[in-house]
Amino acid sequence: MELDHTGAGIVDERADGPSRFQERKTSGAVLIQGNGCGFSTLLVVTGPHRGSLWFDGRATCDQILPLNLGGQPVSFMVWITRRSMDLVGW
């Protein structure tokens with residue numbers, strides 16, 4: 001839920017429809033690799049997570065997970081030498 005700044009109160013994020021709600025989940029990120037079966041790797045380019053990489057697994061599990069190595073966020077330079085699937089902490 002988010003606050004409606006017009007004074008109307010709380011707005012359901014899904015009110016714009018399912019596709020708009022899904023867009024908001026990845027706002028500020030760009031797809032940098034398709035991993036097959038509908039999975040992809042995203043690079044965040046704006047906001048507090050800028051520079052981090054995420055695994056978009058919404059095709060089967062409706063999750064977007066940060067890529068990490070040893071518990072630390074993965075940079076692009078680290079990611080480029082590894083497979084995204086090896087960096088997902090599931």
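This is a predicted model, so every value here is computed, not measured.
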K.L.:
Would you kindly confirm whether Trp54 and Val45 end up in one hydrophobic cluster when ILVMFWY residues are joined by side chain heavy atoms under 4.5 Å apart?
P.N.:
no
K.L.:
Please set out all donor-acceptor pairs under 3.5 angstrom arising from side-chain atoms of residues 64-77, sequence neighbours excluded.
P.N.:
{"residue": "Ser75", "atom": "OG", "partner": "Val78", "partner atom": "N", "Å": "3.3"}

K.L.:
Which donor-acceptor pairs under 3.5 Å do side chains of residues 31-42 form with protein atoms, sequence neighbours excluded?
P.N.:
{"residue": "Gln33", "atom": "OE1", "partner": "Ser84", "partner atom": "OG", "Å": "3.3"}
{"residue": "Asn35", "atom": "ND2", "partner": "Thr41", "partner atom": "OG1", "Å": "3.0"}
{"residue": "Thr41", "atom": "OG1", "partner": "Ser84", "partner atom": "OG", "Å": "2.6"}

K.L.:
So how far is it from His49 NE2 to Leu43 CG, rounded to the nearest 0.5 Å?
P.N.:
13.5 Å
K.L.:
Is there a path of hydrophobic side-chain contacts, each under 4.5 Å between heavy atoms of I, L, V, M, F, W or Y residues, that connects Val44 with Leu53?
P.N.:
no
